[in-house]
Amino acid sequence: MSAQHAIVFDKVTKTFPKASKPSVNETSLAIEKGAFVTILGASGCGKTTLLKMVNRIIEPSGGKLSVFGKDIREVPVNELRQSIGYVIQQVGLFPHMTIEENIATVPNILGWDRQKTQKRTEELMELVHLPTNFKNRYPRQLSGGQQQRVGIARAMAGDPEILLMDEPFGAIDAITRTKLQDDFLDIQRKLGKTVLFVTHDVDEALKLGDRVVVMNEGTIQQYDTPLGMVSKPANEFVKQLIRTDDLFLRLQLINASEKMIALTEPPREGEPRVSGNESLRNVLQRLLVQGSGRVLVEDADGLPVGQLTLDILKFEG
Ligand SMILES: Nc1ncnc2c1ncn2[C@@H]1O[C@H](COP(=O)(O)OP(=O)(O)OP(=O)(O)O)[C@@H](O)[C@H]1O
Ligand SMILES: [Mg+2]
């Protein structure tokens, strides 16, 4: 089972000294290579603890944790951490170091030469959409969103296979946050890293994750695709948290191509069109705003291959 898995938690428990109950309790979770997994749950439910056990900042008090099939206790800790990028809660850039020096933290530890490090730094700044002339600035001279981008670049500098991200966009305004989310999704699709991403924000968890973990009081309540979670919540806790009765939210998670039916009549001029990967929520918007009876769904070549009507969307709700 471990061949296709990047991270496997096998009944992992963490009880801090003097604590009356475990912060993470007998948690089992298998994360596939290349998956984007979001972890959702209230403050104090154990999200950061779960994350920090993967790179051994926190040692589990029970169970077994494997990374790429190896028990992490059998991998030298430096080697383990080099294969895992980490974006900590509250950015955590080094204030007295320039942006370039911040991003080059891992290359410098690894002893890369100056030229290779410089090239990598510039590459990463481009990747996260930061102007390269920021490299001599200090973190306080950047906006919160820009600092987050530096944090991501720094975590990716050693080209790790796994990225642990602890509420990386937590303190960012809604507009900047959406942009960061979209840019980071692009980066992840391009590079195929395995990502464990902690968030408080339900919409963010459902938007970014291929799969979502819902935690409560140190235990996993459900591990499922966003759609699976919304349409079949495992229990009342998940149901309340995810607001599964929200029709718009459900429509947001389903693509036009998944629900379209065959054209009932040939396309007419001026009918609204969407591409197959647009959400049913956008389809609904088109139906309402353009007052059309149907929306045509196009294939990759822009040819109408199916249609959606209000009746089909209603059925989804
Ligand atoms: N070093 C520690 N020593 C003792 N208890 C700790 C320690 N770190 C965390 N805890 C406790 O473990 C529980 C889980 O903490 P954790 O930081 O994992 O929560 P979280 O889900 O990340 O919360 P938040 O959303 O606020 O960041 C909390 O009750 C916390 O007080
Ligand atoms: Mg936390």
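Quantities reported herein were computed from a predicted structural model and do not represent experimental measurements. Order of listing sets the numbers, starting from 1, for every ligand and every atom in it.
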* Asked: Name the one of Thr199, Asp182, Asp201 that satisfies side chain to side chain donor-acceptor pair (under 3.5 Å) with Lys207?
  ->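 Output: one option passes, namely Asp182.
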
* Within 45° of the ring axis of Phe94 and under 6.0 Å from its six-membered ring centre, is that where the NZ or CZ of Arg154 lies? ->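 Checked: cation-pi criterion met.
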
* **Residues lining ligand 1 [heavy-atom distance under 4.0 Å, listed by chain and residue number]** =>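 Close residues (ligand 1, cut-off 4.0 Å): Phe16, Ser23, Ala42, Ser43, Gly44, Cys45, Gly46, Lys47, Thr48, Thr49, Gln89, Glu167, His200.
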
* Below 4.5 Å, heavy atoms only, C-beta onward: do His5 and Lys33 meet side chain to side chain? ->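 In short, these two side chains do not touch, never coming nearer than 4.5 Å.
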
* **Side chain to side chain, Phe36 and Arg189, heavy atoms closer than 4.5 Å** =>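 No, side chains not in contact.
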
* Would you list the pairs meeting side chain to side chain donor-acceptor pair (under 3.5 Å) in which at least one residue belongs to residues 45-54, sequence neighbours left out? =>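 Found Thr48-Gln89, Thr48-Asp166.
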
* Could you give the distance from OG (Ser23) to CE (Met215), rounded to the nearest 0.5 Å? ->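 Spacing of OG (Ser23) from CE (Met215) equals 9.0 Å.
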
* With sequence neighbours left out, write down each residue that passes side-chain contact (heavy atoms from CB on, under 4.5 Å) with Thr13, or none if nothing qualifies. =>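 Counting only residues at least two positions away or on another chain, Thr13 forms a side-chain contact (heavy atoms from CB on, under 4.5 Å) with Thr15, Pro22, Asn25, Glu26, Ser61.
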
* Would you say Gln285 has more than 12 foreign heavy atoms packed within less than 6.0 Å of its CD? ->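 Counting other residues, nucleotides and ligands, CD of Gln285 stays at 12 neighbours or fewer.
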
* Does a sphere of radius 6.0 Å around CD in Glu265 hold more than 12 heavy atoms from other residues, nucleotides or ligands, not counting ones at 6.0 Å or beyond? ->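 Yes - once you tally the heavy atoms of other residues, nucleotides and ligands closer than 6.0 Å, there are more than 12.
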
* Asked: How about the Mg ion (ligand 2), which protein N, O or S atoms come within less than 2.8 Å?
  ->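 Within the sphere that stays under 2.8 Å of the Mg ion (ligand 2), the protein atoms of type N, O or S are Thr48 OG1, Gln89 OE1.
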
